[in-house]
Amino acid sequence: MSRTWLKWMPAVAVPAVIVAGVLAVPLQAGAAVDLPDKSPQDVLELAAGSTVDTFSGTIEQSSELGLPEIPSTGDAATAEFADALDLLTGSRTVRVYQNGADQSRVQVQDTMSERNLIRNGSDVWLYDSADNTAVHTTLPADAAPTDGAEKDGASYTPSELAQTFLDEVTPSTDVSLAENTQVAGRTAYELVLTPDSSDTLVGSVSIAVDSETGLPLRVQVAAQDATDPAISVAFTALTLEAPPGDLFAFTPPAGATVSEETLPTKDGVGHSEADPSGVTVIGTGWDAVVALPAGEDAAALAELTASPLYTQVTDAVDGGRALSTTLVSVLITDDGRVFAGSVPVERLLAAATQE
Amino acid sequence: MSDKPAATVAPQTAQARTPRSGGAWALLVSELTVLFRRRRTWALLLALAAVPVLIAVAVRLSSQEPTPGRGPPFLDQVTQNGLFVAVTGLIVSIPLFLPLTVGVVAGDTIAGEAGLGTLRYLLVAPAGRVRLLVVKYVGAAVFCLAATLTVVTAGVLAGLALFPVGPLTLLSGDTISLGESFLRALLIAGYVTVSLLGLSAIGLFFSTLTVVPVGAMAATIVLSVVAQVLDSLPQLDWLHPWLFSHYWLDFADLLRQPVDLSSFGANALLQGGYLLVFGALAYGRFVTKDILS
């Protein structure tokens, strides 16, 4: 009898060892990280003074916004809408390669396809393997995509920049430091921004800053009264070595549909889809509401509201339909106005009636 | 001179029939010989080979170009590069055909011998049970490799015969040489083989529970389908990383540039876990079992 029992031992011990191993790994990762003490101001300075522009890394992005999960099956129109929703509900892996200021490659990995954004000097390629299309753009010689931030950054020292940021946010936000943490195998300080307002849906924003280089390693946004982050963008792997140079030399593959696109004039960059003049912002700080008057992008709106999934993910409210997630609410009124903000739907409704 | 052929044939057949004579190696050789001499094994491999060939012929004969986004992934690439026949063949085979054939072979391992009444002859040696279990599992694993290679080889051959073959376009849009493409194809074959090892271990365990091989085969195949159904339900996403079928289709990571081996590692770790757990269960069951047939 006892011998029979002995022979079943491995069948009990092996799963036990595996479970113990699985439980031990996150415990080890969460072990206390000992770093020199710093104030939030010091950490902001560290982040502002970061000069890392050469690295290869893998970024994991996930969103849990409390939207209904929608299986990615069905007809093309549904699938398209579900794809857009997937950005809000799903998780994805992105590989990033950066070599200096003017060479970068971003790869968004989908299950059986991949989207690539490759910048090599002034050449920018966008390649989507799902439909085998490549788009080429040439950047104007003087316009780096992050020029605004860079030019501002050039005129400030890191400590000035940190102080400016603190001055900007402190009226509405409490800036503190959480326990030191570990991201992608690197030690990091964790800055926590907590809104003072209780009207906003945002509970806190935490930013993990690499203790060595000041590079932000992880950004998490948590909803009010939630423990798990609603949005998380984090490095899962990071090396600070230069990626192989041939990664940035892109030629579209044979058979791909190649199109050339010219950039709109410099002022138009980033605002191509909507005239910013019609957009108004109601309120300031975390509980501000963005309002879009009727008539803006009416065609796109009509297409959106025609989708059967639109009624599935939105709720009928007084005078329109509302999409409410744990972080953001969007109200589309029956007369075509759009209100959005990181506030409860009631506040959007109030803003809509005031307008 | 005249008795030389007879002398070389005789030990082979003797080895195949009396496996104990040469230890574990001889047992393994005889197991593989028996496995790959069976008509059923060849029928399974032929059915697998037919999958990519059918895809290639259908695309070739069809008048309309496959449109991107419809049908299995990479189908639209097939007309541009025949090597994608192998990849499409694998994607189509992974959900059902490969688990089906592996389930048949793995489910048959112990129960098949018991059903034929030959199990007790294989267990004459006192330490024979563990060795037999290991040999049976290795036999099933070799079949996994053979099955995957069959799909890849048939796909490459069908692609060579019916479509232009040249440098391969990866998911990232980069193009690699023909030699490197074959290397990637082998890497994918390795990935899929590793993917099936967990299922083989489950089949081996089921096979020790019964003397009716069909029961073990059916249970293995049903479980592989159930795992994939569970994997598609978003409500169970906490369970997904633990399902043996979770990484089955992630071999696309091997078609990125630079090659992404992280899913290969995660898959190997998961399959290793299944192998250990179900190997231990099969051991517990098999060494305590009364062999009556």
Side-chain angles (χ1 to χ4, degrees), chain A residues 3-15 17-18 21-22 56 58 64 68-73 76 79 89-91 93 95 97 105 107 109-116 118 125-134 236-237 243-244 246-247 249-257, chain B residues 67-70 72-74 76-77 79-81 87-88 91 129-130 164 166-176 205 232-237 241-242 249-253 255-258 260 262-263 269-270 272-289:
Chain A
R3 288 191 57 193
T4 309
W5 180 82
L6 265 180
K7 283 166 182 166
W8 277 103
M9 269 302 287
V12 180
V14 168
V17 168
I18 290 178
V22 167
S56 329
T58 308
E64 285 285 345
E69 297 260 15
I70 289 152
S72 53
T73 48
T89 55
S91 60
T93 308
R95 289 198 292 180
Y97 302 92
R105 180 163 188 163
Q107 302 182 314
Q109 299 187 345
D110 303 309
T111 317
M112 282 290 164
S113 58
E114 190 173 293
R115 283 162 285 167
N116 271 257
I118 305 125
W125 281 99
L126 190 65
Y127 177 74
D128 187 349
S129 82
D131 45 14
N132 202 14
T133 52
T236 52
D246 54 353
L247 268 181
F250 183 80
T251 32
T257 322
Chain B
T67 41
R70 293 195 56 204
F74 304 118
D76 55 304
Q77 306 259 38
T79 49
Q80 284 156 23
N81 194 330
V87 181
T88 314
I91 292 174
R129 291 194 182 191
V130 180
L168 189 79
T169 303
L170 296 169
L171 288 177
S172 309
D174 300 64
T175 306
I176 53 171
F205 170 59
S232 67
L233 296 176
Q235 283 77 9
L236 294 175
D237 54 2
W242 300 98
L249 284 173
D250 285 0
F251 66 79
D253 285 357
L255 289 173
R256 304 185 199 278
Q257 183 77 348
D260 186 357
S262 58
S263 59
L269 199 65
L270 180 75
Y274 269 92
L275 170 55
L276 285 177
V277 169
F278 282 91
L281 280 171
Y283 166 81
R285 166 68 184 164
F286 194 52
V287 295
T288 57
K289 186 184 184 182

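As the structure is a computational prediction, the values presented were derived from the model and not from experiment. Chain identifiers are assigned alphabetically (A, B, ...) following the order of the sequence lines, protein sequences preceding nucleic acid strands; residue numbering begins at 1 within each chain. Heavy-atom basis, side chains included; hydrogens, waters and symmetry copies ignored.
In plain terms, the two heavy atoms of B/Leu281 and A/Trp8 that are nearest each other are O-CZ3, 3.8 Å. For the residue pair B/Asp76 and B/Thr79, the shortest heavy atom distance occurs at O-OG1, 3.6 Å.
B/Ile91 has its side chain within reach of A/Met112: a pair of non-hydrogen atoms, C-beta onward, lies under 4.5 Å apart. Considering only heavy atoms from C-beta on, B/Val130 comes within 4.5 Å of B/Tyr283 through its side chain. Taking 4.5 Å as the limit, every side-chain heavy atom of B/Phe205 sits out of range of all side-chain heavy atoms of B/Val277.
Contact of B/Asn81 with chain A is not made at all, since no heavy-atom distance falls under 4.5 Å. Heavy atoms closer than 4.5 Å to chain B are found in the side chain of A/Gln107, but not in its backbone. Looking at B/Phe278, neither its backbone nor its side chain comes within 4.5 Å of chain A, counting heavy atoms on both sides. Of the two parts of A/Val22, only the side chain, counted from C-beta on, holds a non-hydrogen atom closer than 4.5 Å to a non-hydrogen atom of chain B. With a threshold of 4.5 angstrom between heavy atoms, B/Ser172 approaches chain A through its backbone and through its side chain. If you measure heavy-atom distances from A/Ala134 to chain B, you find no contacts under 4.5 Å at all. Contact annotation for A/Asp110: only backbone heavy atoms (N, CA, C, O) come within less than 4.5 Å of a heavy atom of chain B. Within the 4.5 angstrom heavy-atom criterion, only backbone atoms of A/Thr251 (N, CA, C, O) approach chain B. There is no contact between B/Leu255 and chain A, counting heavy-atom distances below 4.5 Å. For B/Pro167, no part lies under 4.5 angstrom from a heavy atom of chain A.
In terms of heavy-atom pairs under 4.5 angstrom with chain B, the leader among A/Ala256, A/Pro244, A/Pro253, A/Ser56 is A/Pro253. Your options are B/Leu233, B/Asp174, B/Thr175, B/Asp250, and the one with the most heavy-atom pairs under 4.5 Å with chain A is B/Asp174. Here A/Ser113 is the residue among A/Ser113, A/Pro15, A/Pro252 with the most heavy-atom pairs under 4.5 Å with chain B.
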May I have the step-by-step check of side-chain hydrogen bond (donor to acceptor under 3.5 Å, both in side chains) for B/Ser263 and B/Asp253, ending in yes or no?
-> CA-CA 7 Å; B/Ser263 59; B/Asp253 285 357; 2.9 Å; yes

Give the C-alpha distance, both sets of side-chain angles, the deciding distance and a yes or no for side-chain hydrogen bond (donor to acceptor under 3.5 Å, both in side chains) between A/Ser129 and A/Glu114.
-> CA-CA 6 Å; A/Ser129 82; A/Glu114 190 173 293; over 6 Å; no

Side chain to side chain contact (heavy atoms under 4.5 Å, CB included) evaluation trace for B/Gln80 with A/Asn132 | CA-CA 12 Å; B/Gln80 284 156 23; A/Asn132 202 14; 4.0 Å; yes

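Scanning for side-chain contact (heavy atoms from CB on, under 4.5 Å) contacts around A/Thr58 gives A/Thr93, A/Arg95, A/Thr236, A/Ala237, with sequence neighbours left out.
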